[in-house]
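Heads up, the thing below is written out as structure tokens.
All chains are named by letter (A, B, ...) in the order of the sequence lines, taking the proteins before the strands, and each is independently numbered beginning at 1.
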2 protein chains.
Amino acid sequence: MTSRHISLKDLAKELNVSISTVSRALRDHPDISSEVKEKVKQLALSKNYTPNPLAMGLLKQETRMIGVIVPDLVTHFYASIISGIEQVANEMGYFILLASSNESVEKEKQAIENLLKARVEGFIICQTQETQSTEHFEALIERSIPLVFFDRICLSDRVPTVTVDNKAAAQKITQHFYQQGYRRIAFISGPDQLNITKERMAGYLEGLKQSGLPEDPELIEHCNLSFESAKQAMARLLDTANPPDAVFGINDTVAFAAMQKIKERGLKIPDNVGLVGFTDDFHAMVVDPPLTSITHPTYAIGQEAARLFFQSKDNKQYSTPVVLQTQLIIRKSSQKTCHGDHDDAETAW
Amino acid sequence: MTSRHISLKDLAKELNVSISTVSRALRDHPDISSEVKEKVKQLALSKNYTPNPLAMGLLKQETRMIGVIVPDLVTHFYASIISGIEQVANEMGYFILLASSNESVEKEKQAIENLLKARVEGFIICQTQETQSTEHFEALIERSIPLVFFDRICLSDRVPTVTVDNKAAAQKITQHFYQQGYRRIAFISGPDQLNITKERMAGYLEGLKQSGLPEDPELIEHCNLSFESAKQAMARLLDTANPPDAVFGINDTVAFAAMQKIKERGLKIPDNVGLVGFTDDFHAMVVDPPLTSITHPTYAIGQEAARLFFQSKDNKQYSTPVVLQTQLIIRKSSQKTCHGDHDDAETAW
DNA sequence: TATTATCATGCAAAGCTTTGCGCTAAGCTT
DNA sequence: AAGCTTAGCGCAAAGCTTTGCATGATAATA
């Protein structure tokens, strides 16, 4: 029940010196004699003294906490990114305060307010797919509160961002399909306002053009990134007069949903329909057939976002966007012709 | 650069009253006249005043932060539990400080120290599989720092815990296998010191007994819960003279690893080998064939752990262990005989 | 009118740390 | 020996909030 942490005051009392002497002794201030220093340090160690971060925060006006807001916590993609953020933050002596927006702008705003109340020093955010207006972000910028976006971004002229080479990756996918002999390549896309949607769409279209394939509106479907809506999108594709022989899903959830729907229809992957996802590594390997996909360097994305955060906190000046490279990992789901590869063949494009 | 948050002092100055008057006005203290109250509240609202948690923490000696330590952040199981913890914590005006032990006792200890330095008020922990000695936990108990364990527990006579009905669940699995016609039922187990290992083992054995099946040491394998080690365990099972026709994996990772190894050997699930996991719902549905499994109520586990935390913080007295119910969800991977069910048939046992 | 009750507000301390400045005593210079 | 430097340490303020107590003023009572 007694205060569980000991303070400078406690040490000072025990040593019959002033608090300031203790403080300076611990910080090796030249004013303090080496005998006193020694005594103080020893006692501090034995009593397991650690400075009270609340007091320090009050004094220095810093809390050493970063607010991190993601659409959800349970997706491996975000969890892994958060790990990356945490690693760098920890190294810098910072902690993370986590909040999930559940893809709702309202909760996103609420989270920002709550974290602000908790006095986080800034934010690292992946916005919801609903997010259209950017006022709540601009308010942060105006108050010059450090802010970093990753994956889903906006305001990128004023906010440091970290993304992946979405367009190039999507292009690789289309080309890969083409080389495998697929000719009717469909794209299950997401909400239009998201940058990832736009960029992957651009890459998809560019890939078609380069392969000399025509652009066919019937091969482009939209969904809201949920499993169910992705399944419906896949169903619509299969129900067209001239269904696709290859499908590119904008993320892992979408790809898995597509896979399930394709199987339900009794079609074979990769023979009847090729499938490629856009995801991090983990899930792609447990499904059957193993899913060819663009892999995100999720951990690195987190690390990079954290670095950008500290940069913008210290320098106060705009950092140029960071774009990380993805890799196309080719697995069974997109290999129409038998290449003689065994299960774990992984070809970096 | 100027202090980004406004304080009582700011409000007081602007209104030409004392800080204490402002404080009391905001908390509706009867001593303050209603006109002053009105003025103060209005200004506070317009200036967007929120009390500084650092100052409050210093004063009240509470930080409103809970330290949560898990073996890793990226597994859906933990991520979902963390979500549950977060929801309850948020409701109580608390924040979570997350740390991952990476299944290393050293990092677990380190995390406890770091979080203690950050002055968390207590801990919610799922210990590493390495954890043998319990000194670092007992140190917390002695300092009467609130502590709650979930899933992997120890010291349960002194620490509130939340687990699931491991034994009963394991028993159900064995019986289900038996009813499906499987007769050589194997168990891929984990490190012996873990309570989950012991309890599920007990249930497995009890289930065998009830089904009148003999206990065969050859059908019990151990692994360290990693994907690779689980695959090796599965391989060892398949290499025995009389290999199993059914396998119960102690968690999802293990089950997936087993699945992969079984497929590699060209065996069919569920016809040649039945498979059941012990996991939360998410992954079981995306693999092929869909995995029969015991589902953890992960979100509820998190919620319950958080509730227990607050209980032990306030009451200071020991709470009886919480045991949550699991469900056996039957999917394709364990249905030897064709039941005519369609894909999404789910039978609660 | 003098005294008391009541109301509204301010002062100051506590919680913990850092740091500029002031103080004391010892040692040094000339 | 008188004056000056310097080594070594303490005071106090700032950062923000709450709250017991004191203060001041006004209204009510005897």
message: From CG of A:L26 over to C1' of C:dT17, roughly how many Å is that when rounded to an integer?
response: 11 Å
- prompt: If only side-chain N and O atoms of A:Q61 are considered, is one of them under 4.0 Å from the OP1 or OP2 phosphate oxygen of D:dC16?
  reply: yes
task: Could you tell me whether B:S20 contacts a base, only the sugar-phosphate backbone, or nothing, with contacts defined as non-hydrogen atoms closer than 4.0 Å?
output: base
query: Is the backbone of B:I19 close enough, under 3.5 Å, to the side chain of B:K13 for a donor and an acceptor to pair up by distance?
result: no
query: Does a side-chain N or O from B:K9 land closer than 4.0 Å to OP1 or OP2 of D:dG15, or not?
result: yes
task: When you get a sec, tell me which of D:dG10, C:dT9, C:dG15 is the closest nucleotide to the side chain of B:V36?
output: C:dT9
task: Examine D:dC9: is either OP1 or OP2 under 4.0 Å from a nitrogen or oxygen in the side chain of A:R24? Give yes or no.
output: no
query: With a 4.0 Å cut-off on heavy atoms, is A:S23 in touch with a base, just the backbone sugar-phosphate, or nothing at all?
result: base
- prompt: Between the main-chain N or O of A:T131 and the side-chain N or O of A:T128, is there a donor-acceptor pair closer than 3.5 Å?
  reply: yes
message: OP1 or OP2 of C:dT17 versus the side-chain N and O atoms of A:Y49: is any pair under 4.0 Å?
response: yes
message: Under 4.0 Å, heavy atoms only, any strand: does A:S7 hit a base, just the sugar-phosphate, or nothing?
response: sugar-phosphate
message: By the 4.0 Å heavy-atom rule, please label B:L59 as base, sugar-phosphate, or nothing.
response: base
message: OP1 or OP2 of D:dG8 versus the side-chain N and O atoms of A:T21: is any pair under 4.0 Å?
response: no
task: With DNA chain C as reference, determine whether B:A55 or B:S18 sits nearer its 5' end, using the nearest nucleotide of each.
output: B:S18
message: Side chains of B:N102 and B:S104 only: does a donor on one sit below 3.5 Å from an acceptor on the other?
response: no
- prompt: Per the atom types in the model, does the base of C:dC7 pair as donor or acceptor with the side chain of B:D31 at under 3.5 Å?
  reply: no
- prompt: At what distance, to the nearest 0.5 angstrom, does CZ of B:F123 lie from CZ of B:F149?
  reply: 10.5 Å
